[in-house]
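Computed from a prediction, not measured in an experiment: that's the story for all the values here. When a ligand or atom number is given, it counts from 1 through the structure's own listing order. For the single chain, residues carry numbers from 1 onward in sequence order.
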Amino acid sequence: MKAAIISEFGGPDIFKISDIDMPIINPDQLVIKVKTVGLNPIDWKQRKGNHKLILGSPFPIVLGYDVCGEIVEVGDEIKKFKKGDIVFGSLDNKYGGALAEFSVGHEKCFSFKPQNISDEEAAAFPMVSITVLQAFRDKSNLKAGQTVLINGASGGVGHIAMQIAKVMGFKIIAVASTLSKDFVEKYKPDLFIDYREQNLLKSDIKVDLFLDVACNYSFPNTKHLLNPNGLYLNLAFIDTLKKMPLFMLHQIFSKGKKGRGMLMKHSGADLDIIAQWIAENKLKVNIDKIFQLEQISEAHKYAQEGHNKGKNVIVISN
Ligand SMILES: NC(=O)c1ccc[n+]([C@@H]2O[C@H](COP(=O)([O-])OP(=O)(O)OC[C@H]3O[C@@H](n4cnc5c(N)ncnc54)[C@H](OP(=O)(O)O)[C@@H]3O)[C@@H](O)[C@H]2O)c1
């Protein structure tokens, strides 16, 4: 089958479109014929080798986690899905494996694709929306009426975070650049802060959750912006792990304020919640650019610049 592979870590030009073996599944896995793949920053970070100490170097590597496709094979233990179902989800293999004609994942990775969205939109949703749901509901325990600051509001995670925040009844302070102001304001945040015009750390805002999507702040330097019992939550999990001793030290003197990192967990139940919100038109993903598989290097170059409005998607088959 056709796949975009890398045989070493490096820049966006190292991809090669090659023929590789068809995947083989365990009884608790299923195979999908991939239609579309959503790009996430983790894809270009892994292409560079940022996670090689944890994940190893099992070349040739097929990158990509977020997919939409048709189920073509199910293992004996699969209960929820059958051949022919159209699903979307985020693969749970080490390096993903989505940038190929066929991909494999466990049942918990997938949900049925809502009928009111395109294949491109479906592949753009999984990782960012599951992350936001788990950040708001499980990590911060935020209540309706409380305030979340979203630092990096215009990107993949950020624009979905603004919408889920609305669904859950939070007040929103959105932080992005001037270039993204019009895009971000479509989601009606209570306040927009342009990080190029205003020093966020010197503002007099108070928030219950500082969701650091752009990951350029830390708990020690933002805790004066938190309400009592407020949380600073950083999405760069590995960076936060390194800073945890410092976060713990600061928590001792912070009157209930906390600093944490998080890593999303695969959950079919959570993706079912997202699918329901999509079906009810409460969530819409903004597709910035669509690329063909042969344009994967171009797609990675663009995504790595880090200023997309919403998501970028690769088309594998129609
Ligand atoms: N822990 C997890 O489970 C998890 C899950 C998903 C994603 N993530 C991580 O979350 C991060 C964001 O992901 P994403 O998909 O949203 O990325 P993205 O689509 O590339 O978006 C990045 C956004 O950050 C904004 N930005 C850049 N510099 C900024 C600054 N100095 N201050 C404020 N905003 C700034 C950009 O807005 P402007 O164009 O306006 O500058 C852009 O919209 C990545 O590091 C990703 O790996 C972690």
Side-chain angles (χ1 to χ4, degrees), residues 37-48 50-51 54 63-66 90-92 96 123-140 149-164 173-187 189 191-201 203 210-218 221-222 225 232-243 260-267 270-271 274 285-289 299-313:
V37 175
L39 274 184
N40 289 288
I42 194 170
D43 302 323
W44 56 258
K45 291 177 190 175
Q46 293 189 338
R47 190 208 68 230
K48 288 166 68 182
N50 289 12
H51 302 156
I54 300 166
L63 296 169
Y65 291 93
D66 281 357
S90 197
L91 303 175
D92 59 352
F125 266 112
M127 187 177 289
V128 292
S129 55
I130 294 171
T131 303
V132 173
L133 175 60
Q134 294 176 354
F136 288 164
R137 184 195 57 196
D138 307 336
K139 295 290 169 187
S140 61
L149 180 147
I150 301 164
N151 179 47
S154 53
V157 173
H159 87 297
I160 293 295
M162 288 191 286
Q163 298 174 63
I164 296 186
I173 299 177
V175 182
S177 71
T178 327
L179 292 174
S180 307
K181 188 170 190 279
D182 290 347
F183 173 68
V184 168
E185 288 195 330
K186 280 194 230 160
Y187 298 95
L191 178 66
F192 175 83
I193 296 179
D194 179 344
Y195 67 80
R196 290 187 176 153
E197 295 291 323
Q198 192 181 335
N199 184 341
L200 185 59
L201 298 181
S203 69
F210 188 119
L211 183 66
D212 197 354
V213 180
C215 304
N216 55 341
Y217 292 103
S218 75
N221 72 14
T222 55
L225 302 178
Y232 167 84
L233 188 59
N234 189 309
L235 293 188
F237 179 68
I238 293 168
D239 287 356
T240 325
L241 268 187
K242 291 185 218 148
K243 290 178 188 153
R260 293 208 180 111
M262 74 165 275
L263 194 58
M264 61 83 83
K265 291 195 181 89
H266 293 277
S267 162
D270 284 354
L271 198 52
I274 301 296
V285 72
N286 190 72
I287 305 290
D288 187 322
K289 284 193 194 299
H300 264 231
K301 274 179 205 156
Y302 182 67
Q304 201 173 329
E305 287 167 11
H307 295 292
N308 38 264
K309 314 255 174 307
K311 300 283 302 179
N312 301 302
V313 175

Visitor: Does any N or O of ligand 1 fall below 3.5 Å from an N or O anywhere on R196, backbone included?
Guide: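 No; the residue has no nitrogen or oxygen that sits under 3.5 Å from a nitrogen or oxygen of the ligand.
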Visitor: Give a yes/no verdict on whether any heavy atom in A236 is under 4.0 Å from an atom of ligand 1.
Guide: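 So A236 does not count as touching ligand 1.
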Visitor: Just which atoms of ligand 1 are under 4.0 Å from any heavy atom in M264?
Guide: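 This gives 2 (C), 3 (O) as the contact atoms.
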Visitor: Numbering the atoms of ligand 1 from 1, which are under 4.0 Å from a heavy atom of S180?
Guide: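 Counting atoms of ligand 1 from 1, those under 4.0 Å from S180 are 38 (P), 39 (O), 40 (O).
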Visitor: Heavy atom under 4.0 Å from ligand 1: found in K311's side chain, backbone, both, or neither?
Guide: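 It is neither part, as no heavy atom is under 4.0 Å.
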Visitor: Should the pair F210 and Y217 be assigned to parallel (<30°), tilted (30 to 60°) or perpendicular (>60°) ring geometry?
Guide: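 Geometry flag for Y217 against F210: perpendicular rings.
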Visitor: Output yes when D270 and K265 qualify as a salt bridge under the 4.0 Å nitrogen-oxygen rule, no when they do not.
Guide: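 Between K265 and D270 there is no salt bridge, as every charged N stays at least 4.0 Å from the carboxylate O atoms.
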Visitor: Hey, is N216 touching ligand 1 through its side chain, its backbone, both or neither, going by heavy atoms under 4.0 Å?
Guide: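 It is the side chain that touches ligand 1; the backbone stays farther off.
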Visitor: Can an N or O of Y195 be found at a distance shorter than 3.5 Å from an N or O of ligand 1?
Guide: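 Indeed, backbone or side chain, Y195 has an N or O that close.
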Visitor: Tell me yes or no: between the side chains of N40 and K311, is some donor less than 3.5 Å from an acceptor?
Guide: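 A donor-acceptor contact under 3.5 Å links the two side chains.
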Visitor: Using a 4.0 Å cutoff against the non-hydrogen atoms of G306, which atoms of ligand 1 qualify?
Guide: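 Here the atoms of ligand 1 in question are 20 (O), 22 (C), 23 (C), 36 (C), 42 (C).
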Visitor: Between T131 and ligand 1, find which residue part has any heavy-atom pair under 4.0 Å and reply side chain, backbone, both or neither.
Guide: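 Looking at T131 and ligand 1, just side chain atoms fall under 4.0 Å.
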Visitor: Check each atom of ligand 1 against the heavy atoms of V213 and keep those under 4.0 Å away; list them by number with element.
Guide: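 Result: 10 (O), 11 (C), 12 (C), 16 (O).
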Visitor: Mind checking whether G155 has an N or O less than 3.5 Å away from an N or O of ligand 1?
Guide: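 Yes.
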Visitor: Is the closest basic N to carboxylate O distance between E305 and K301 below 4.0 Å?
Guide: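 Salt bridge: no.
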Visitor: Polar contacts were defined as any N/O atom of the residue lying under 3.5 Å from an N/O atom of the ligand; does this apply to V175 and ligand 1?
Guide: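 It does not: no N or O of V175 is found under 3.5 Å from an N or O of ligand 1.
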Visitor: When you check the side-chain N and O atoms of N216 and Y195, is any donor under 3.5 Å from an acceptor?
Guide: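 No, because no side-chain N or O of N216 sits under 3.5 Å from a partner of the opposite role on Y195.
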Visitor: Under 4.0 Å, heavy-atom basis, I'd like to know which part of L179 is in contact with ligand 1: side chain, backbone, both or neither.
Guide: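 For L179, no heavy atom sits under 4.0 Å from ligand 1.
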Visitor: K45 heavy atoms, cut-off 4.0 Å: which ligand 1 atoms fall inside?
Guide: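 Under 4.0 Å from K45, ligand 1 has these atoms: 44 (C), 45 (O), 46 (C), 47 (O).
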Visitor: So, regarding C215 and ligand 1 (criterion: nitrogen or oxygen to nitrogen or oxygen, under 3.5 Å), is there a contact or not?
Guide: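 It does not: no N or O of C215 is found under 3.5 Å from an N or O of ligand 1.
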Visitor: Return the minimal non-hydrogen interatomic distance between A174 and V184, and the atom names on each side.
Guide: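 Smallest interatomic distance, heavy atoms only, reads CB-CG1, 3.6 Å.
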Visitor: Purely on distance, is any nitrogen or oxygen of K309 under 3.5 Å from one on ligand 1?
Guide: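 No - when backbone and side-chain N and O of K309 are compared with those of ligand 1, no distance drops under 3.5 Å.
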Visitor: Examine ligand 1 and decide if any of its atoms is less than 4.0 Å from a heavy atom belonging to N40.
Guide: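 Distance cut 4.0 Å: N40 fails for ligand 1.
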Visitor: Do any nitrogen or oxygen atoms of M262 come within less than 3.5 Å of a nitrogen or oxygen of ligand 1?
Guide: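 Indeed, backbone or side chain, M262 has an N or O that close.
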Visitor: Pairs of nitrogen or oxygen atoms closer than 3.5 Å, one from V128 and one from ligand 1: do any exist?
Guide: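 Checking ligand 1 against V128, no N or O pair falls under 3.5 Å apart.
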Visitor: Would you say H159 contacts ligand 1, with heavy atoms under 4.0 Å as the rule?
Guide: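 Heavy atoms of H159 never come under 4.0 Å of ligand 1.
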